[in-house]
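Just so it is clear: chains get the letters A, B, ... in the order the sequence lines come, proteins before strands, and each one is counted from 1.
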Amino acid sequence: DTGVSQNPRHKITKRGQNVTFRCDPISEHNRLYWYRQTLGQGPEFLTYFQNEAQLEKSRLLSDRFSAERPKGSFSTLEIQRTEQGDSAMYLCASSLAVGSYEQYFGPGTRLTVT
Amino acid sequence: DAKTTQPTSMDCAEGRAANLPCNHSTISGNEYVYWYRQIHSQGPQYIIHGLKNNETNEMASLIITEDRKSSTLILPHATLRDTAVYYCIVRVANTGNQFYFGTGTSLTVIP
């Protein structure tokens, strides 16, 4: 499968715990994006990388959130001290940095904070 | 990026064409129209995009009005698997950053 993959697909955690999600983009794509989606809403942008550089962060990305893409390939999104409001689907997408930049999305990681 | 307005929901009979409208009256000359869809519990799926001319691919057709203030996504022969939320997004193509998704149109294909 050459699409975007995300792991885990589901995560249940207790409030206050830390969680980490992984995204593997399409191999030739140098841009990688993280979005968050809550029930009934469209995806909301969190941050994006070009290669290993984090170029933009949304104000939704509080201090408890950190994203990395150390080698310009896979990326991780960590949430520290989770809160119930963090419960959402976390989506990763990738694109080329040329052309029309259409983004290809992974299946998402569903986080439930109890 | 310009904002878009879409109907909240639509129904379509299986086998018929589904026509999904989108208004983007404040679109700028360098902004493209993108369409994505999201089937329940899956990530969004790219469908098609265009600037001025009508576009067609294996999934759908995109009709953009001459003034570019609105567009229509056409699924020529809707199937039950086309039931999804459809998002119309406008964005300057070469900025390459985020998409603003809005709440989209929930399309239900009825047997």
Should the heavy atoms of other residues, nucleotides or ligands under 6.0 Å from CZ of R64(A) be counted, would the total exceed 12?
yes
Out of curiosity, I89(B) CD1 to E102(A) CD, how far, rounded to the nearest 0.5 Å?
12.0 Å
Return the CZ to OG distance between R9(A) and S41(B), rounded to the nearest 0.5 Å.
8.5 Å
Would you find more than 12 non-hydrogen atoms of other residues, nucleotides or ligands less than 6.0 Å from Q80(A) atom CD?
yes
Between Y100(B) and E44(A), is there a side-chain heavy-atom distance shorter than 4.5 Å?
no
Shared ILVMFWY cluster between L111(A) and L60(A), side chains joined below 4.5 angstrom?
yes
In the structure I gave you, are the side-chain heavy atoms of P43(A) and Y87(B) within less than 4.5 Å of one another anywhere?
yes
Should F45(A) and F101(B) count as side-chain neighbours, where that means a heavy-atom distance under 4.5 Å?
no
I'd like to know whether CG of L80(B) has more than 12 heavy-atom contacts from other residues, nucleotides or ligands below 6.0 angstrom.
yes
Interatomic distance, CD@Q38(B) vs CE@M89(A), rounded to 0.5 Å, equals 7.5 Å
Do M59(B) and I63(B) sit in one hydrophobic cluster, given that two such residues count as connected whenever their side-chain heavy atoms are within less than 4.5 Å of each other, even indirectly?
no
Determine whether more than 12 heavy atoms belonging to other residues, nucleotides or ligands lie under 6.0 Å from atom CG of L55(A).
yes
Using the ring centroid of each side chain, check whether Y46(B) and F105(A) are separated by less than 6.0 Å.
no
Side chain, backbone, both or neither: which part of Q50(A) has a heavy atom under 4.5 Å from chain B?
neither
Please indicate whether D63(A) has more than 12 foreign heavy atoms, meaning atoms of other residues, nucleotides or ligands, lying under 6.0 Å from its CG.
no
Does a side-chain heavy-atom distance below 4.5 Å link Q103(A) with Y34(B)?
no
Residue pair G43(B) / L91(A): nearest heavy atoms and the distance that separates them
CA-CD2, 3.8 Å
